[in-house]
Amino acid sequence: MYTDYHLHSSFSGDSDTPMEDMIKRGIELKLKTICFTEHMDFDWPTSEYNFEVNTEAYYHKLLEYKEIYKDRIEILFGIEIGMQPHLAEKNSIYLREYPFDFVIGSTHIVDGQDPYDKDYFAGRTEAASYLRYFEMTLDNIRIFKDFDSLGHLDYVLRLGPTKDKHYTYKKYADVIDAILKTIIENGNGLEVNTAGLKYGLAAPNPHPDILKRYKELGGEIITIGSDAHAPEYLAYEFHGIHALLKSCGFSYYTIFRKREPEFIKL
């Protein structure tokens with residue numbers, strides 16, 4: 001894989017890595033294309049982090065480096081938009097204000113709670129907490145469709161008390177199938193996010209069983225991202241993604257420029 005379509009720098013509230021350091025690492029790895037997808041999460045429930053990117057500063061700095069490094073690596077302008085049901089219109093207005101190449105739609109907040117906070121899991125089983133995350137994701141994508149790829153579908157596993165130890169696709173098949181059918185109907189893609197491996201999961205997000213099911217249902221748009229917030233995690237564990245996608249039935253993966261998909265043969 002020579003493209004990474006999920007990267008963060010110090011323009012995101014949970015990274016302190018200068019953008020240029022990420023770019024230089026991409027060049028070291030001989031990547032052809034990288035797409036920064038800084039966080040834009042309106043109405044974050046705590047003050048610990050600020051996940052509303054200064055988009056003007058981000059865009060102008062990216063354009064500066066795009067010119068400097070144009071002969072060495074392609075640098076694209078993306079965003080990871082945090083979905084909550086009441087933010088659908090606000091997110092759509094925001095996305096129309098800038099010429100993004102690529103938009104990831106992600107569920108980070110569930111019923112006003114961040115699953116990173118262990119209070120999210122208090123008073124209910126891990127399974128019920130996971131189910132609610134999937135239900136919220138489904139609510140989000142039924143209301144908000146203006147994204148190119150659905151980010152880290154089973155992201156909540158990274159944060160659960162036992163992570164993916166007791167997790168299977170089949171336990172949540174009804175709601176996950178509804179999610180997959182909705183993004184296919186809406187023309188959205190599905191992200192393979194390798195950060196799940198960094199967090200100790202047995203597989204990327206989402207689980208390969210979900211990727212297979214997406215393909216069975218007619219899904220074709222697969223994007224690949226490391227979700228790196230530091231240079232050492234750029235293109236993390238990408239060496240296994242080619243075989244994984246082939247085993248799930250895919251012949252292509254997808255990149256975006258100016259929000260238009262291009263299918264790359266595996």
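No path of Ile, Leu, Val, Met, Phe, Trp and Tyr side chains, each step under 4.5 Å between heavy atoms, connects I143 with Y94, placing them in separate hydrophobic clusters. Transitive grouping of hydrophobic side chains (ILVMFWY, heavy atoms separated by less than 4.5 Å) brings L180 and L245 into a common cluster. L138 is connected to I81 through a chain of hydrophobic side-chain contacts under 4.5 Å among Ile, Leu, Val, Met, Phe, Trp and Tyr, so both are in one cluster. Taken together through direct or relayed side-chain contacts under 4.5 Å among Ile, Leu, Val, Met, Phe, Trp and Tyr, L131 and M83 form part of one hydrophobic cluster. Note on F51: it does not cluster hydrophobically with I104, by side-chain heavy-atom contacts below 4.5 Å among ILVMFWY residues.
Aromatic ring centroids of H6 and H229 lie 6.0 Å or more apart. Taking the six-membered ring for Trp, Y5 and F102 have ring centres closer than 6.0 Å. In this structure, Y116 has its ring center at least 6.0 angstrom away from the ring center of Y120. For Y233 and Y236, the distance between ring centers is under 6.0 angstrom.
Atom CG of L244 is separated from atom NE2 of H239 by 11.0 Å, given to the nearest 0.5 angstrom. Rounded to the nearest 0.5 angstrom, N193 CG and S226 OG are separated by 7.5 Å. Here the OG1-CH2 distance, from T46 to W44, works out to 7.0 Å after rounding to the nearest 0.5 Å. The structure places NZ of K61 at 8.5 Å from CE of M19, a figure rounded to the nearest 0.5 Å. Interatomic distance, L150 CG to S106 OG, rounded to the nearest 0.5 Å: 7.0 Å. Between L211 atom CG and L153 atom CG the span is 9.0 Å, to the nearest 0.5 Å.
A distance-only check finds a donor-acceptor pair linking the side chain of N91 to the backbone of G82 [under 3.5 Å]. A donor-acceptor contact shorter than 3.5 Å links the side chain of T137 to the backbone of Y133. Between the S15 side chain and the T17 main chain, a donor and an acceptor come within less than 3.5 Å of each other. Side-chain atoms of E191 come within 3.5 Å of backbone N or O of H152 as a donor-acceptor pair. Remark: the backbone N or O of K165 is not paired with any side-chain donor or acceptor of T162 at under 3.5 angstrom. With hydrogens and angles disregarded, a donor-acceptor distance shorter than 3.5 Å links the side chain of K118 to the backbone of L159. Judged purely by atom type and a 3.5 angstrom limit, D101 uses its side chain to pair as donor or acceptor with the backbone of K258. A donor-acceptor pair under 3.5 Å links the side-chain atoms of N205 to the main chain of D154, judged by distance alone. In this structure, H242 contributes its side chain and G240 its backbone to no donor-acceptor pair below 3.5 Å. In this structure, the side chain of N188 engages the main chain of K145 through a donor-acceptor pair within 3.5 Å.
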*Before giving the answer on side chain to side chain contact (heavy atoms under 4.5 Å, CB included), spell out for D227 and R158 the whole-Å C-alpha distance, their side-chain angles and the decisive distance to 0.1 Å.*
CA-CA 13 Å; D227 206 349; R158 303 179 189 177; 3.4 Å; yes
_Chi angles and distances behind the side chain to side chain contact (heavy atoms under 4.5 Å, CB included) call for I183, N186_ = CA-CA 5 Å; I183 61 172; N186 293 343; 5.6 Å; no
*asked:* What verdict does the ring pair (Phe, Tyr, Trp, His ring centres under 6.0 Å) test give for F77 and Y58, after you've listed the backbone C-alpha separation in whole Å, the side-chain angles of each residue and the deciding distance to 0.1 Å?
replied: CA-CA 9 Å; F77 179 47; Y58 162 40; 5.0 Å; yes
*Where do D111 and Q113 land on the side chain to side chain donor-acceptor pair (under 3.5 Å) test, with the steps shown first?*
CA-CA 6 Å; D111 299 321; Q113 286 185 290; over 6 Å; no
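Side-chain contact check for E52 and H39: no donor-acceptor pair (N or O, by modelled atom type) lies under 3.5 Å.
Look at K32 and E74 and you find no salt bridge, because none of the NZ, NE, NH1 or NH2 atoms lies under 4.0 Å from a carboxylate O. Using a 4.0 Å cut-off between charged side-chain N and carboxylate O, E220 and K215 make a salt bridge. A salt bridge links D148 to R259: one of the charged nitrogens lies within less than 4.0 Å of a carboxylate oxygen.
Both the sub-6.0 Å distance and the 45° axial angle are not jointly satisfied by R96 relative to the ring of F100. No cation-pi contact links K163 to Y199, judged by a cut-off of 6.0 Å to the six-membered ring centre and 45° from its axis. Geometric assessment of K265 against the ring of Y252 yields a positive cation-pi assignment under the 6.0 Å and 45° thresholds.
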